[in-house]
Amino acid sequence: MRAVSVNADAIVVTSLMWQTTATAVRSGEETMLIDSPYFPDELELLPAVLGQAGFEPSALLATHGDFDHVLARLAFPELSLGVAESTMLRLQRSPGEAQRDLRDRDHEYYVTRPRPLALGGTQSLPVPGKLGLGGEELELHPAEGHTGDGMAVFAPWLGLLVCGDYLSAVEIPMLGLGAAAAEYRATLARLAPLVERAETVVVGHGPPSSREGALRLLEEDVGYLDALERGEQRPRLPEGRDSGRQRAIHQENLSALDAAARR
Ligand SMILES: [Zn+2]
């Protein structure tokens with residue numbers, strides 16, 4: 001796990017698994033932690049790592065309901081987890097999904113955990129909407145397309161956008177369960193003006209980007225979606241994202257579009 005300060009009031013912790021990010025943002029005395037690292041030792045160390053940098057979370061957020069983004073309660077079991085209404089609906093419609101996916105992945109990598117994931121304290125937040133933090137307000141924007149649920153979190157006083165699983169420098173757009181290319185495109189269009197307002201963009205997986213870097217990734221992602229929707233089997237993948245794993249994700253995307261077309 002690696003911790004990097006974005007500025008005096010924001011720090012990004014990156015998991016060794018899938019470069020998954022967790023971001024602490026602060027206003028005055030209040031700190032919000034967005035998303036989570038994966039490994040049990042990373043979660044166990046997280047309060048100390050954040051504490052050493054002067055961050056003590058008073059609440060948690062998850063950008064979407066995929067299991068790798070909702071693990072912060074394993075580090076801070078006493079705090080409540082805020083999610084978009086769309087994510088709350090997903091959790092209610094498929095109870096135990098996150099726990100099952102986590103267990104499957106843990107079994108695959110022989111990972112054991114001291115306690116199971118409990119999502120009982122989850123709270124639904126209106127999106128689009130605003131959420132007070134210290135004297136400031138976080139903006140919550142809908143971000144669907146990677147999954148059928150989710151939100152991007154913008155901290156205007158820090159020029160920081162935490163967008164979930166979009167605009168990654170290490171992963172091509174991934175159309176997950178219940179996702180659609182049109183929704184994905186709508187989210188990219190919605191993110192563009194937020195990126196323009198941002199100094200730093202923190203993505204769900206991979207290193208944070210500057211405004212310019214994120215705008216370039218956004219353009220590459222639109223280009224990739226064009227190729228995907230043309231049904232190209234072997235499109236040119238963006239630089240730095242042309243690997244066997246990303247090719248496999250592309251095949252999964254083609255299958256997801258196929259399945260969506262037949263619905
Ligand atoms: Zn993810």
Side-chain angles (χ1 to χ4, degrees), residues 1-2 12-24 33-40 42-43 46 60-75 81-84 86-88 90-91 94 97-106 108-109 111 113 117 119 122 127 140-153 161-181 183-184 187-188 191 201-209 214 217-218 220-221 224-225 237-238 240-241 243 245-246 248-253 256:
M1 183 165 65
R2 202 171 55 236
V12 179
V13 169
T14 305
S15 173
L16 291 175
M17 183 68 127
W18 306 305
Q19 298 187 39
T20 310
T21 63
T23 308
L33 178 67
I34 308 164
D35 288 350
S36 54
Y38 168 78
F39 286 113
E42 295 176 327
L43 288 158
L46 190 58
L60 312 170
L61 289 180
T63 54
H64 59 295
D66 279 356
F67 76 94
D68 51 328
H69 297 263
V70 297
L71 304 180
R73 291 201 70 219
L74 291 170
L81 176 70
V83 297
S86 56
T87 298
M88 188 58 126
R90 175 180 168 187
L91 295 175
S94 344
E97 178 199 349
Q99 284 89 345
R100 259 192 318 276
D101 289 349
L102 177 64
R103 208 170 47 227
D104 289 350
R105 209 44 74 113
D106 284 350
E108 188 180 343
Y109 296 116
V111 170
R113 294 183 189 269
L117 174 64
L119 293 175
T122 307
V127 177
L140 310 179
H141 298 271
E144 293 144 10
H146 163 61
T147 54
D149 67 299
M151 63 179 172
V153 182
L161 174 63
V162 181
C163 64
D165 285 2
Y166 301 90
L167 306 181
S168 169
V170 300
E171 194 172 78
I172 61 169
M174 197 193 280
L175 301 175
L177 266 184
E183 278 182 355
Y184 203 109
T187 289
L188 290 182
L191 289 176
V201 178
V202 175
V203 299
H205 305 276
S209 297
L217 289 165
L218 197 149
E220 290 177 356
D221 287 354
Y224 168 73
L225 290 174
L237 295 184
R241 293 189 274 172
S243 66
R245 174 64 193 138
Q246 299 309 304
I249 291 173
H250 176 60
Q251 290 306 317
E252 288 162 21
N253 285 341

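Just follow the structure's listing: the first ligand is 1, and inside any ligand the first atom is 1. Quick caveat: nothing in here was measured; it's all calculated off a predicted structure. For this chain, numbers begin at 1 and follow the sequence in order.
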Item to check | Pair Arg105-Asp68, side chain to side chain contact (heavy atoms under 4.5 Å, CB included): steps then yes or no | outcome: CA-CA 10 Å; Arg105 209 44 74 113; Asp68 51 328; over 6 Å; no
Checklist outcome for this item: Taking the Zn ion (ligand 1) as the apex, NE2 on His69 and OD2 on Asp68 give an angle, to 10°, of 90°
Checklist entry - Is any N, O or S atom of His146 under 2.8 Å away from the Zn ion (ligand 1)? => result no
Checklist outcome for this item: Here the N/O/S atom of His205 closest to the Zn ion (ligand 1) would be NE2
Checklist entry - Is the Lys NZ or Arg CZ of Arg90 less than 6.0 Å from the centre of Phe67's six-membered ring, within 45° of the axis? => result no
Next on the checklist: Checking Thr87 against Asp149: is there a side-chain donor and acceptor pair closer than 3.5 Å?
Outcome noted: yes
Checklist entry - Counting backbone and side chain alike, does His64 bring an N/O/S atom below 2.8 Å of the Zn ion (ligand 1)? => result no
Next on the checklist: For a quick test of reading the model, state the closest non-hydrogen atom pair linking Tyr224 to Pro173 and the distance between them.
Outcome noted: CD2-CD, 3.6 Å
Checklist entry - Which atom, counting only N, O or S, brings Asp165 closest to the Zn ion (ligand 1)? => result OD2
Item to check | Whether Asp66 has an N, O or S atom under 2.8 Å from the Zn ion (ligand 1) | outcome: no
Checklist outcome for this item: Heavy-atom closest pair (Glu183 atom, Gly148 atom, distance to 0.1 Å) is OE1-CA, 4.4 Å
